[in-house]
Amino acid sequence: MIDRLNQGLRKVPIWLLYLLGDLYPGWLLYLGLTGGLGPDPVKALEHALGEAALQLLILGLAVTPLRRFLGLNLLKFRRSVGVLAFTYVALHLLVWLLLDVQILSQVFNDIIKRPYITIGMVGFALMLPLALTSNNLSLRRLGAARWRRLHLLTYPAVLLAALHFVMLVKGFQIEPLIYLSVVLFLLLCRIRVVG
Amino acid sequence: MARRWTNTLTAADVTPKAAFLNRRQIMAGLGGMAGLAGMGALPGAAQADELEPNSWEDVTTYCNYYEFGTGKGDPAEYAGQLTTSPWSVKIDGMVERPGDYDFQQILGEMTLEERIYRFRCVEAWSMVVPWTGFELADLLALAGVQAEAKYVAFETLYRPSEMPGTAYRVLDWPYREGLRLDEAMHPLTLMATGIFGKDLPNQNGAPLRLVVPWKYGFKSIKSIVRITLTDEEPPTSWNMANAREYGFYSNVNPEVSHPRWSQATERRIGSGLFASRQETLMFNGYEAEVASMYEGMDLAQNF
């Protein structure tokens, strides 16, 4: 069963993932412009992009445990998943800057004074070098060991993304806590294997 | 059925702006001005001119009513099953005539009128809603407020069988709110029974809810089943959940930011993807009418 799945997945071209991944924000924008995102399209767009980014980050983090424990091989897609996650985070940030907060002085105030936004920005900053080095040239230039060490930044970045979600909701809400638990579980998988 | 006030107006009749210039609101504004010479312009009346109500769609599909879920669309999706008839409101505490007041009986005693108010959520979005209702002061007069009473406490219905959101302890149910007695008696403080000339949809707090237009939306408690007059500041749900973020007063104030976001500006719901944020007005634009109640109070301390 897993073997058949792996064989099938081997035939899926990576460009298809990029295509679908790029269509989704375009689709959201179209919905936002035509009333499909409801009465508050700015927040809906911001949240949809943020949540999709978090899901992709989790998927990227799950690739190794899925292979180790279930034999499911998604390694081929990991880079594109990571690059797409970064794209969504960048779009999420742009929507927040340009469509939501709009006022530059307030943006700086928010980054400094609001912990959940500070955490989100740090997460974005951690992902920036990863996105820039997600290509074969950088891998060769840095060397596999250094490249891999650099990309360990994924772990704190995903954790910060999940915390960002937990900290922004009102009241005691389950959904962001589920995301955080999944992230913590996947990170624990790593610690056990490493240690 | 008691003498139910029925409205022949439709949403289309609601839109003409001039019709909304509420006489009482202007009177209250002028009254406030007389006592507060030098306060500046007359924001309440001046801006009433610009109040263009949101669409029925906006008002009825974008709601915070956590008893039905925390998503903005959840109340519209799940509140349909709520039984709102029969309905009674227990009025107790420091009143002359405590008891269970049947909703139809209350309607029979009250004169309904239309009020167009700005509605500003603590989450920094806003709408304009054409409410139908009566002044809370009239309902309190029905029960007879005793001289010692200083506060009014309110409670929302808590019925888990019809309220899927209460399966999670997002808040300490039932939802509770409160006002100081002078706030409760203020002519702007409305008990709403309808929007756009129709009965309140369940997701908007049917059959009877509070509307306090100069306070953040969560103060305007929905589907009220109990009103208690007390001499102590009553516990309120969001304050119980997070006292640092939600004060008892929760007056709209652009200068006092929520710990997690600024309150200086707001997103006007229904204005699309590329709309500019609007400046938030002190007391949500009702400064002339209500500021005198808070004279001498440090509003940053008593947020």
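We name chains A, B, ... by the order of the sequence lines, and we start the count at 1 in each one. Only heavy atoms go into these numbers, but all of them, side chains included; no hydrogens, no water, no symmetry mates. None of these values were measured; they are calculated from a predicted model.
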A.B. asks: Restricting to non-hydrogen atoms, name the atom on B:Y66 and the atom on A:Q173 that form the minimum distance, rounded to 0.1 Å.
C.D. replies: OH-NE2, 3.9 Å
A.B. asks: Answer whether the closest heavy-atom distance between the side chains of A:L33 and B:F274 falls below 4.5 Å.
C.D. replies: yes
A.B. asks: Quick check on B:A124 against chain A: is it the side chain, the backbone, both or neither that has a heavy atom closer than 4.5 Å?
C.D. replies: neither
A.B. asks: Which pair of non-hydrogen atoms, one from A:D110 and one from B:S262, has the smallest distance, and what is that distance?
C.D. replies: OD1-N, 4.4 Å
A.B. asks: Most heavy-atom pairs under 4.5 angstrom with chain B, which of A:V101, A:L98, A:I117?
C.D. replies: A:V101
A.B. asks: Does B:R267 reach the main-chain N or O of A:D100 with its side chain, forming a donor-acceptor pair under 3.5 Å?
C.D. replies: no
A.B. asks: When rounded to the nearest 0.5 angstrom, what distance separates OG in B:S257 from CZ in A:R114?
C.D. replies: 4.5 Å
A.B. asks: Would you mind checking which part of B:E245 comes under 4.5 Å of any heavy atom in chain A, side chain (CB onward), backbone (N, CA, C, O), both or neither?
C.D. replies: neither
A.B. asks: Flag the one option from A:N109, A:L29, A:V42 with the top tally of heavy-atom pairs under 4.5 Å to chain B.
C.D. replies: A:V42
A.B. asks: Shorter than 4.5 Å, heavy atoms on both sides: which option in B:S271, B:G270, B:A264, B:P259 has the most such pairs with chain A?
C.D. replies: B:P259
A.B. asks: Could you report the tightest heavy-atom contact between B:Y246 and A:K170, atom names first, then the distance?
C.D. replies: OH-CG, 3.2 Å
A.B. asks: Show the nearest heavy-atom pair for residues B:G272 and A:P41, with the distance to one decimal.
C.D. replies: C-CG, 3.8 Å
A.B. asks: By a 4.5 Å heavy-atom criterion (distance strictly below it), what part of A:I174 contacts chain B: side chain, backbone, both, or neither?
C.D. replies: side chain
A.B. asks: The criterion is ring-ring contact (aromatic ring centres under 6.0 Å, His included); which residues satisfy it with A:W96, sequence neighbours excluded?
C.D. replies: none
A.B. asks: Within the supplied structure, the quantity of interest is the number of heavy atoms (other residues, nucleotides, ligands) at a distance under 6.0 Å from A:F185 CZ; does it exceed 12?
C.D. replies: no
A.B. asks: Does B:K72 come within less than 4.0 Å of A:D40, counting only side-chain N to carboxylate O?
C.D. replies: no
A.B. asks: Which atoms of B:V59 come close to chain A, meaning under 4.5 Å heavy atom to heavy atom: side chain ones, backbone ones, both, or neither?
C.D. replies: neither
A.B. asks: Mind checking which of residues 15-25 of chain A sit less than 4.5 Å from chain B, heavy atom to heavy atom?
C.D. replies: none
A.B. asks: Among B:W238, B:Y168, B:W125, which residue has the highest count of heavy-atom pairs closer than 4.5 Å to chain A?
C.D. replies: B:W238
A.B. asks: Crowded around B:Y78 OH? As in, over 12 foreign heavy atoms under 6.0 Å?
C.D. replies: no
A.B. asks: Please state whether the side chain, the backbone, both or neither of A:V169 comes within less than 4.5 Å of a heavy atom of chain B.
C.D. replies: backbone
A.B. asks: Using a 6.0 Å cut-off, check whether atom CD of B:Q278 has over 12 heavy atoms from anything other than its own residue.
C.D. replies: yes
A.B. asks: Could you report the tightest heavy-atom contact between A:L99 and B:L273, atom names first, then the distance?
C.D. replies: CD2-O, 3.6 Å
A.B. asks: Please classify the contact between A:L45 and chain B as side chain, backbone, both or neither, with a heavy-atom cut-off of under 4.5 Å.
C.D. replies: side chain
A.B. asks: Can you say whether A:L37 sits under 4.5 Å from chain B via the side chain, the backbone, both, or neither, judging by heavy atoms?
C.D. replies: neither
A.B. asks: Within the side chain of A:Q102, is there an N or O that forms a donor-acceptor pair under 3.5 Å with the backbone of B:R277?
C.D. replies: yes
A.B. asks: Below 4.5 Å from any heavy atom of chain A, which atoms of B:D58 appear? Answer side chain, backbone, both or neither.
C.D. replies: both
A.B. asks: Where on B:N54 is there a heavy atom nearer than 4.5 Å to chain A: the side chain, the backbone, both, or neither?
C.D. replies: neither
